[in-house]
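Chain naming here is simple, since letters A, B, ... match the order of the sequence lines and numbering starts at 1 in each.
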Protein chains: 2
Amino acid sequence: MFLTLQRYFNQFQPLSAPALEAIEAICKPITIQKNKNLQHIGQTCQTIYFLENGIARIYYLKDEIDITEGFYFENSIIARAESLFTGRPSRKGIQVLETADLIAIDSQKFFALFDAYPEIERLFRKIIEAAYIDTINRIESLQFNSAEERYKSLLESSPDLINRVPLKYIASFLGITQVSLSRIRAVR
Amino acid sequence: MFLTLQRYFNQFQPLSAPALEAIEAICKPITIQKNKNLQHIGQTCQTIYFLENGIARIYYLKDEIDITEGFYFENSIIARAESLFTGRPSRKGIQVLETADLIAIDSQKFFALFDAYPEIERLFRKIIEAAYIDTINRIESLQFNSAEERYKSLLESSPDLINRVPLKYIASFLGITQVSLSRIRAVR
DNA sequence: GAGCAGATTTATCAAATGATAAAAAATCAA
DNA sequence: TTGATTTTTTATCATTTGATAAATCTGCTC
């Protein structure tokens, strides 16, 4: 049960049977239909999700314009960190782009396990460290790569993203307008 | 002793006396002269630094061009996360921009304390969480704010940065050329 | 304080990207 | 399939930013 989640954990570090059971006890499987919001803008993030399949994105509005902050694929964790760790309402929402099966984990209950299971806290720390590194690399690409370079390296790192996600979402993720993205794609 | 460091920790969570002593036992105070490298490009990051005073920056080269990834001020932690957490050599260097007193903490020894002192691991987790949130916000500003907006919000969030740091470093931090920054400043 | 080196600004032109509008293509529901 | 809606592309023009070179400015050394 929750094998996908366990396998995900194992990438970072295996957990003992009791720790796994403690986590399973607070897991709730849910299914969200395509294009539905998993979490709305303004809600405080109190749930950590694990995506078993499907695609989701975190987005926000700048001057009424929808901007995709990030994409999340099967077998990954998704949560709005700035809200989860601060307890403040998030300016961001989570939308599912393909009908998705998820595991919902109440963050309060999850954090409460840290005292009894230091191994869980350690696992979580490693997950955050990896997410942190990802964002550092993303900053690097936004800092001085051209829009075209960013598009091409996205193609390389996530080849099927283009097929599964509307281009309008990809454009804002890359920090450009949809029209610019279309122009870049036309060059080839 | 190491009161500055202890005060920094307290922002996140206070540590017990034994935990503090264990950390102090692996702390080494060092002083680095202005403009010297604290860590060179290519070195693997095995030290976590705490800046007691002065300013430092993390930088890297893209196409021979020096780019500032981030600035770090007194009373903050500085380390090259992508190397520290992966054990791989860093493409980045750390340079001190004002003669600085630092506390150097061997990362291996520090991580080794996590088993005996879960509270230290928890503290470290919280520090990483905060750093992670910072990078997420930085991505947001790079994604769709204009160079001028980024400059102005930097002025607001770090007013004295401009006086203490050469503009050429600030320009690359903002993701623009120095000439562009100069132009933006001239508008006012 | 003169001279030097590096930092910053200014000027000019080129390239990349944005804004807007309209056309074409794809998707979806009836 | 048809028609409506959304997505993507194309076109045009405006704006921003980059590249390069040169002119100032600043700080440092002697």
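- With distances taken from any side-chain atom of A:Arg183 to the nucleotides C:dT17, D:dG18, D:dT20, the minimum falls on C:dT17.
- In this structure, CD1 of A:Ile184 is placed 10 Å from P of C:dA16, rounded to the nearest angstrom.
- Side-chain nitrogen and oxygen atoms of B:Ser182 include at least one within less than 4.0 Å of the OP1 or OP2 phosphate oxygen of C:dT9.
- Near DNA chain D, meaning a heavy atom under 4.0 Å away, the residues from residues 165-176 of chain A are A:Pro166, A:Leu167, A:Lys168.
- Contact check for B:Ile139 versus B:Asn137: no side-chain heavy atoms found under the 4.5 Å cut-off.
- A:Asn35 has its side chain out of reach of A:Gln33: every pair of non-hydrogen atoms, C-beta onward, lies at least 4.5 Å apart.
- One finds no side-chain N or O of A:Thr177 lying less than 4.0 angstrom from the OP1 or OP2 phosphate oxygen of C:dT17.
- Per the geometry, CD belonging to B:Glu98 stands 16 Å off C1' belonging to D:dG27, to the nearest Å.
- A:Phe110 and A:Phe114 have perpendicular rings, their planes meeting at more than 60° on a 0 to 90° scale where under 30° would count as parallel.
- Between the CZ atom of B:Phe144 and the P atom of C:dA19 there is a distance of 9 Å, given to the nearest Å.
- For B:Gln178, counting side-chain heavy atoms from C-beta on, the closest listed nucleotide (C:dT8, C:dT10, D:dT10) is C:dT8.
- Side-chain nitrogen and oxygen atoms of B:Arg185 include at least one within less than 4.0 Å of the OP1 or OP2 phosphate oxygen of C:dT9.
- Atom pair A:Asn163:CG and D:dT8:C1' shows a separation of 15 Å (rounding to whole Å applied).
- Residues from residues 145-158 of chain A placing a heavy atom under 4.0 Å of any atom in DNA chain D do not occur.
- Counting heavy atoms from C-beta on, the side chains of B:Lys62 and A:Asn145 come closer than 4.5 Å.
- Using a cut-off of 4.0 Å between Lys/Arg side-chain N and Asp/Glu carboxylate O, B:Glu98 and B:Lys36 are scored as not salt-bridged.
- In this structure, B:Arg57 is not positioned above the aromatic face of B:Tyr72 in the sense of NZ or CZ being under 6.0 Å from the six-membered ring centre and within 45° of the axis.
- Relative to the ring axis of A:Tyr60, A:Lys92 places its NZ or CZ within 45° and under 6.0 Å from the centre.
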Per-nucleotide protein contact string for nucleotides 23-30 of chain C (B base, S sugar-phosphate only, - none; heavy atom under 4.0 Å): -----S--
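- For the residue pair A:Arg88 / A:Ser83, no side-chain donor-acceptor distance below 3.5 Å is found, with atom types taken as modelled.
- Looking only at side-chain heavy atoms (C-beta outward), B:Phe173 and B:Ile67 stay at 4.5 Å or farther from each other.
- The aromatic ring centroids of A:Phe12 and A:Phe124 lie 6.0 Å or more from each other.
- Distance CD (A:Gln143) to P (D:dG18): 12 Å, rounded to an integer number of Å.
- Between B:Phe50 and B:Tyr8, the angle of the ring planes lies from 30° to 60°, which puts this pair in the tilted group.
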